[in-house]
Amino acid sequence: RYLKPILAGLAAATATYALRPALPGWEGLPALFVFAPFTLAVFFAVLCSLGLSPGDRRFLASFLEAVRRALRRGLIT
């Protein structure tokens, strides 16, 4: 139950730690804007590649439906 998220988190942290020396001058808020989305993307990619649980699939389906409704209403541009 907890092994997949832990492995995904470790992979994301490792990838972010490996990317950090490639951008040595980035600190503070600019670094946050680069590394946070990168870390989240790696986390979700690894988590999806390890397989989603039925609960995760239900959550994602519900979330995507809410986004679609908001797009149809024009709440998200």
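What you see is a predicted model; the values in this text were computed from it and never measured.
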Counting only heavy atoms not in Phe38 (residues, nucleotides, ligands), do more than 12 fall under 6.0 Å from its CZ?
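Counting other residues, nucleotides and ligands, CZ of Phe38 exceeds 12 neighbours.
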Does atom CZ (Arg58) have a neighbourhood of more than 12 heavy atoms from anything else shown, all under 6.0 Å?
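No, not enclosed.
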Of all residues at least two apart in sequence or in a different chain, which pass the salt bridge (Lys or Arg N to Asp or Glu O under 4.0 Å) check with Arg68?
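Once residues adjacent in sequence are excluded, the partners of Arg68 under the salt bridge (Lys or Arg N to Asp or Glu O under 4.0 Å) criterion are Glu65.
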What's the verdict on side chain to side chain contact (heavy atoms under 4.5 Å, CB included) for Leu50 and Leu7, showing C-alpha distance, side-chain angles and the deciding distance?
CA-CA 9 Å; Leu50 292 174; Leu7 289 175; 4.2 Å; yes
Non-hydrogen atoms of Tyr17 and Pro21 that approach each other most closely:
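In terms of heavy atoms, the two residues are closest at O-CD, 3.2 Å.
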Heavy-atom closest contact (Trp26 atom, Arg20 atom, distance):
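The pair with the smallest heavy-atom distance is O-NH1, 2.7 Å.
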Run the side chain to side chain contact (heavy atoms under 4.5 Å, CB included) check on Thr16 and Val42 step by step: do they pass?
CA-CA 9 Å; Thr16 303; Val42 172; 5.9 Å; no
I want to check something: taking the side chain as every heavy atom from C-beta on, are Thr39 and Phe43 in contact at a cut-off of under 4.5 Å?
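A side-chain contact under 4.5 Å is absent here.
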Just so I know, are the side chains of Leu60 and Leu52 near enough to count as touching, which here means a heavy-atom distance under 4.5 Å?
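A side-chain contact under 4.5 Å exists here.
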How far does CG of Leu47 sit from CG of Leu40, to the nearest 0.5 angstrom?
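Taking CG in Leu47 and CG in Leu40, the distance rounds to 11.5 Å.
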So, taking the atom named CZ in Phe44 and the one named CG in Asp56, what distance separates them when rounded to the nearest 0.5 Å?
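If I round to the nearest 0.5 Å, the distance is 9.5 Å.
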Please name all residues satisfying side-chain hydrogen bond (donor to acceptor under 3.5 Å, both in side chains) with Ser49, sequence neighbours left out, ordered by chain then number.
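For Ser49, no residue satisfies side-chain hydrogen bond (donor to acceptor under 3.5 Å, both in side chains) once neighbours in sequence are set aside.
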